[in-house]
Colleague: 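My questions will all concern the structure given below.
If you read the sequence from its start, that first residue is 1, and numbering goes on from there. Only this structure's heavy atoms are used, side chains among them; waters, hydrogens and symmetry mates stay out.
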Amino acid sequence: MCEWTRFTPRSVRLRVHATSCCGAYELASEGGQYFVLRPDGAGGQEETGRGLYAYAARVWADLAANHQRSWKAEL
């Protein structure tokens with residue numbers, strides 16, 4: 001289970017490297033750190049999985065895969 005915290009920009013440049021099927025999760029980086037973003041429902045964003053690329057990419061892939069499975073289950 002991921003612990004989500006409010007995303008506060010720490011750098012001028014935010015890069016998005018990958019986005020899930022419907023944009024629910026984004027693999028992003030800034031200042032040499034990678035993390036996963038999601039909308040918080042109030043116009044902002046939350047983050048989880050902050051750290052090295054391998055860790056953040058694994059968190060993003062797991063979230064995106066589980067999200068896609070739950071979306072398909074609703075059909």
Colleague: Strictly distance-based, threshold 3.5 Å: is any side-chain N or O of Glu30 a donor or acceptor partner for the main-chain N or O of Pro9?
Modeller: no

Colleague: Decide yes or no on side chain to side chain contact (heavy atoms under 4.5 Å, CB included) for Leu63 and Val36, but give the supporting numbers first.
Modeller: CA-CA 9 Å; Leu63 287 167; Val36 179; 3.9 Å; yes

Colleague: Could you note down all residue pairs passing ring-ring contact (aromatic ring centres under 6.0 Å, His included) where residues 38-62 supplies at least one of them, sequence neighbours left out?
Modeller: Tyr34-Tyr53

Colleague: Counting N and O atoms only, with roles assigned by atom type, does the side chain of Ser20 sit under 3.5 Å from a partner on the main chain of Ala64, one being a donor and the other an acceptor?
Modeller: no

Colleague: Hey, mind stepping through Arg50 and Arg10 against side chain to side chain contact (heavy atoms under 4.5 Å, CB included) and telling me if it holds?
Modeller: CA-CA 12 Å; Arg50 186 173 278 270; Arg10 298 178 181 142; 2.7 Å; yes

Colleague: Measure across His67 and Cys22 and return the closest heavy-atom pair with its distance rounded to 0.1 Å.
Modeller: NE2-SG, 3.1 Å

Colleague: Other members of the hydrophobic cluster containing Leu14, with the 4.5 Å side-chain heavy-atom rule, please.
Modeller: Phe7, Phe35, Leu37

Colleague: For residues Ala56 and Gly49, report the shortest heavy-atom separation together with the two atoms involved.
Modeller: CB-O, 3.4 Å

Colleague: To the closest 0.5 Å, what do you measure between CG (Leu52) and OG (Ser29)?
Modeller: 12.0 Å

Colleague: Going by salt bridge (Lys or Arg N to Asp or Glu O under 4.0 Å), name the residues that satisfy it together with Glu46, two or more places apart in sequence or in a different chain.
Modeller: Arg38

Colleague: Which atoms form the tightest heavy-atom contact between Trp4 and Thr48, and what is the distance?
Modeller: CH2-CG2, 3.4 Å

Colleague: Show, in sequence, the C-alpha distance, side-chain angles and deciding distance for Arg6 and Asp40, and conclude whether the side chain to side chain contact (heavy atoms under 4.5 Å, CB included) test is met.
Modeller: CA-CA 8 Å; Arg6 181 179 172 183; Asp40 68 3; 5.6 Å; no

